Number of protein chains: 2
Amino acid sequence: MGRRELDPRKEKILQVVTDDYIESAEPVGSRTIARKHKLGLSPATIRNEMADLEESGYLKQPHTSAGRIPSHRGYRYYVNTLMEQKQLTDDELAFIKAEFDPKHKPAEFDSLLQRTTKILAALTKYPSLILTPRLQEAHFRHIHLVSMDTNHILGLVVMDTGFVENILLETPVAYTQDDLNKISTFLSSKLQGVSLMDFGTAIVNQLKTEAQFGEAFDDTLQLLLTALGKKKQERIYVDGTINILEQPEFKQVEKFKLLMGILEEEGKLLNLMNQALQKRGLNICIGEEINDDAVEDCSMVTATYEVDGRILGAVGVLGPTRMDYAHVVTVVDFVAKCLGGFLTEK
Amino acid sequence: MGRRELDPRKEKILQVVTDDYIESAEPVGSRTIARKHKLGLSPATIRNEMADLEESGYLKQPHTSAGRIPSHRGYRYYVNTLMEQKQLTDDELAFIKAEFDPKHKPAEFDSLLQRTTKILAALTKYPSLILTPRLQEAHFRHIHLVSMDTNHILGLVVMDTGFVENILLETPVAYTQDDLNKISTFLSSKLQGVSLMDFGTAIVNQLKTEAQFGEAFDDTLQLLLTALGKKKQERIYVDGTINILEQPEFKQVEKFKLLMGILEEEGKLLNLMNQALQKRGLNICIGEEINDDAVEDCSMVTATYEVDGRILGAVGVLGPTRMDYAHVVTVVDFVAKCLGGFLTEK
DNA sequence: GTTAGCACTCATTGACTGAGAGTGCTAACA
DNA sequence: TGTTAGCACTCTCAGTCAATGAGTGCTAAC
């Protein structure tokens, strides 16, 4: 990052072209540059430089006799070394702060994430995504079994991330609530602090040997394990899909439909967002760097959110490659930090 | 319904025009009708009849020298008296049956409804909506309180619809789990069968007098009541929004954006769907019958789903007024019944 | 190395056209 | 009196064509 590949003047021109194109969505010509930005250069000189930049793959032309636009490589260079970090405006800051006001009742996870997605969409004007906390990363805090009827018990699992999960178990034998209370206490004390990721067959076997609740208990425990594993662990919240309609590149229905299709397919989105989890903190994917053919000419800016140093999930924004990176990066980064902070307090 | 307002020939023509327009999305001319449907009438005669139908408000013309299309009034008449009920094809039937196979593990509510929305969208090719079961209609089955830490307890409320709700309560005093178990048993026995709608201050007061758990208990109970009331009770699941892009009337971005905006606004959708709950069973709203200005030229077909005769929620489809009513009505009706049936079994 | 000048390319726009589909009206017909 | 044929008229849509304007590459001069 930041390795200098281009001489300063070329850099400047690449920057100006990119900035301008991001703002106007129109190919940028040499005359425009000479006029708008006082570089002390004539259009002809700029043309020469731009021709060079095109040859080395940073710029491209939609067609002869049009201005230049950045190639994916150009965007990458721009993002890595040229982009000037933008500050959040006071309004934006106030807006976000208000939403994450700790005075807000500790709402359900659900609506917290939903609201966060809305915030992100509202601030960036792009479709926004949030990946829910991964259950595997969470550690057990409490387990409680409640008798429902003769052959059903309800398992209540509370994780240290504040996540609560209900699991309905079918049991061959009837437990009294007293039995279940004893078992609950036992399980809670044994499993407290264990992460769900580690809660595998090994631990279950160990519990079986230590416990003295009869062999029916073994079956129940096994059921709990499998049910917990089967729980749909990750979800994606999406908001602001309409925002893409504001982007001129999606005025052609076909392009739009393609992106829209992805935004409605949770599986695909999960893939995209899980990529983001690989790397702590901020992540920018441009064009083909996103591993999905359908999102041609899209970029994704994501940031992980953490509690106690554990990466729980990610928030992100999906937009055209001609995205206002400077702004989006700032917003996404900040919102991710706020979300992490908010969850930590709870 | 079914009141005969038009003479048979006019009815026939209105029906043909509507059927044809629903299929082709093109204004229907007299020649087309004469050619396609053997009415034994010349185009000229049909023209005369259509002119009459236009005058009495059942048909309209996009512009002179175009064919006719049904007005909202025309659609209404069509839906009420002319439409021929369609049967589900074997494929469709098999598809739905497979999804509601009782062998499917009793998944979480969440994903059940999500899947149902997908089914509806896939079958109708229109955006589909489902309103989650209203909590108020449900009756208590179990209440269980679990001690979390010195000043938090987790309330677990199980309703007879299979709905499970977790509520985190802050308590001024520390309860032992033993205390909580006693309280849980007490509450469960007292509240079993009470509907959430009836669970108001009156019942809480009665419980307070009957219980002998000290005055701290009163506060906790009060907390439970308010928290339960505050729970976000209704949600809307949406799927298949892209489907509207297939409809020619939404090729103009503006129209599309309008509808899309609504589909992203949960509050608006809640309003729309709550209308549907007013009336048991199937409901068709055409054009301005939907109480929302933004859905100009849209229709909504909804059906309530029930468990034990209680209306829990509704499923529905939102599409252009030029909607394949015959098909949609059949599908929506059937899916609603399946969903109700599935929930009853659980 | 920089710049002015010029010929060239390409997308966009608006005006115009003809074809096609459909209507309303009138007059003839059964 | 209801039905039909014929005809002039209207309106949309797709296509053609030329003008416009923004931008380029190249060459030659500074």
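Residue numbering restarts at 1 for every chain, and letters A, B, ... go by the order of the sequence lines. The model shown is predicted, which means the values in this text are computed figures rather than measured ones.
Rounded to whole angstrom, the span from the CZ atom of Arg9(B) across to the C1' atom of dT1(D) amounts to 12 Å. If you measure from atom CD of Glu26(A) to atom P of dG21(D), you get 17 Å, rounded to the nearest angstrom. Rounded to an integer number of Å, the gap from NZ of Lys36(A) to P of dG23(D) is 11 Å.
Within the helix from dG1(C)-dC30(D) to dA30(C)-dT1(D), the inter-axis angle between the opening and closing five-pair segments is 20°, rounded to 10°.
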- prompt: Reading nucleotides 12-30 of chain C 5' to 3', which nucleotides get B (base under 4.0 Å from a protein heavy atom), which S (sugar-phosphate only), which -?
  reply: ----------BBB------

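A donor atom on one side chain and an acceptor atom on the other are found under 3.5 Å apart for Ser299(A) and Tyr325(A). Side-chain contact annotation: Asp19(A) with Tyr78(A), donor-acceptor N/O pair under 3.5 Å present.
Taking CE from Met323(A) and CG from Asp297(A), the interatomic distance works out to 12.0 Å, rounded to the nearest 0.5 Å. Atom CD of Glu288(B) is separated from atom OG1 of Thr321(B) by 9.5 Å, given to the nearest 0.5 angstrom. Distance CD/Gln15(B) to CD/Glu11(B): 8.0 Å, rounded to 0.5 Å.
Counting non-hydrogen atoms of neighbouring residues, nucleotides and ligands closer than 6.0 angstrom, the NZ atom of Lys10(B) exceeds 12 such neighbours. The environment of Glu23(B) atom CD is sparse: at most 12 non-hydrogen atoms of other residues, nucleotides or ligands sit within 6.0 angstrom.
The side-chain heavy atoms of Met50(A) and Ile33(A), taken from C-beta on, include a pair separated by under 4.5 Å.
OP1 or OP2 of dT3(C) lies within a sub-4.0 Å distance of a side-chain N or O belonging to Thr45(A).
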